[in-house]
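One structure is given here, and the rest of the page talks about it.
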Amino acid sequence: MLRSLGQRQVTGSDEDPRVTELRTAVSRLRRELAAHPAEFPDRAIAEDELAALAAMAAGGPPEIPRLRRSLLLIAGAIGSVSALARGLRGVREAVELFGQPPRQS
């Protein structure tokens, strides 16, 4: 996981390292889900939300509330599939890099 989030990546890119981490985690979980042989009722929801996260990561800094909503939907869809737990944890950790959404008064 990236530790120095305020600094540019070693490559010199101006891309936010949190976005890079999110893109990597989402890609990993998408591959794991595609390779998972078992069908389960909410698989399509997980695939759709992972695609949405990938699109958000490709577009630059994503909206934090939307990130969290997608994470909740993915967790609900695949949370009981133990073979995908590590990948799901990676996506959760990547989303958490963006911090907490602002509190509403």
Side-chain angles (χ1 to χ4, degrees):
M1 186 179 302
L2 298 172
R3 296 291 179 219
S4 56
L5 298 176
Q7 300 175 2
R8 288 190 174 142
Q9 294 176 326
V10 177
T11 62
S13 170
D14 287 336
E15 183 175 73
D16 185 335
R18 299 173 301 172
V19 173
T20 302
E21 187 72 17
L22 178 63
R23 186 179 307 119
T24 300
V26 167
S27 177
R28 183 178 304 119
L29 183 54
R30 287 178 88 180
R31 284 191 312 271
E32 290 174 7
L33 182 58
H36 190 68
E39 285 298 319
F40 48 93
D42 294 331
R43 185 180 189 124
I45 292 169
E47 291 169 343
D48 289 347
E49 289 303 317
L50 284 166
L53 281 177
M56 282 188 264
E63 297 177 32
I64 295 171
R66 178 68 177 105
L67 275 178
R68 293 190 176 283
R69 179 181 176 277
S70 288
L71 176 61
L72 286 173
L73 289 170
I74 294 165
I78 66 174
S80 64
V81 181
S82 61
L84 301 173
R86 193 161 109 192
L88 178 58
R89 185 174 50 252
V91 171
R92 179 185 50 81
E93 290 171 353
V95 167
E96 287 176 352
L97 292 174
F98 289 89
Q100 297 294 324
R103 291 184 149 224
Q104 296 178 359
S105 332

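All heavy atoms count here, side chains included; hydrogens, waters and symmetry mates do not. These numbers were taken from a predicted model, which means no experiment stands behind them.
The CD1 atom of Ile74 lies 12.0 Å from the CG atom of Asp42; values are rounded to the nearest 0.5 Å. Going from atom CE of Met56 over to atom CD1 of Ile64 covers 11.5 Å, rounded to the nearest 0.5 Å. Atom CD1 in Ile78 sits 11.5 Å away from atom CG in Leu73 (nearest 0.5 Å). Taking CZ of Arg18 as the reference point, atom CG of Leu67 lies at 9.5 Å (rounded to 0.5 Å).
Under the 4.0 Å criterion applied to side-chain N and carboxylate O atoms, Arg43 and Glu47 are assigned as salt-bridge partners.
Between the Arg23 side chain and the Ala57 main chain, a donor and an acceptor come within less than 3.5 Å of each other.
Across every non-hydrogen atom of Pro62 and Phe98, the tightest pair is CD-CE2, 3.6 Å. Among all heavy-atom pairs drawn from Ala94 and Ala25, the shortest one is CB-CB, 4.0 Å.
Pairs of residues two or more places apart, or lying in two chains, that qualify as side chain to side chain donor-acceptor pair (under 3.5 Å) and include a residue from residues 48-65 are Glu49-Arg66, Glu49-Ser70.
Counting only heavy atoms from C-beta outward, the side chains of Val81 and Leu33 never approach each other to under 4.5 Å.
No continuous path of hydrophobic side-chain contacts links Leu29 to Ile45 [ILVMFWY only; heavy atoms under 4.5 Å]. Both Leu71 and Val26 sit in one connected hydrophobic cluster of ILVMFWY residues. Membership requires side-chain heavy atoms under 4.5 Å apart, directly or through other members. Note: the hydrophobic cluster containing Leu72 does not contain Val95 (ILVMFWY, side chain heavy atoms under 4.5 Å, direct or indirect links).
Among residues two or more places apart in sequence or in another chain, the side chain to side chain donor-acceptor pair (under 3.5 Å) test is passed with Arg30 by none.
A donor-acceptor contact under 3.5 angstrom links the side chains of Arg31 and Ser27, judged on distance only.
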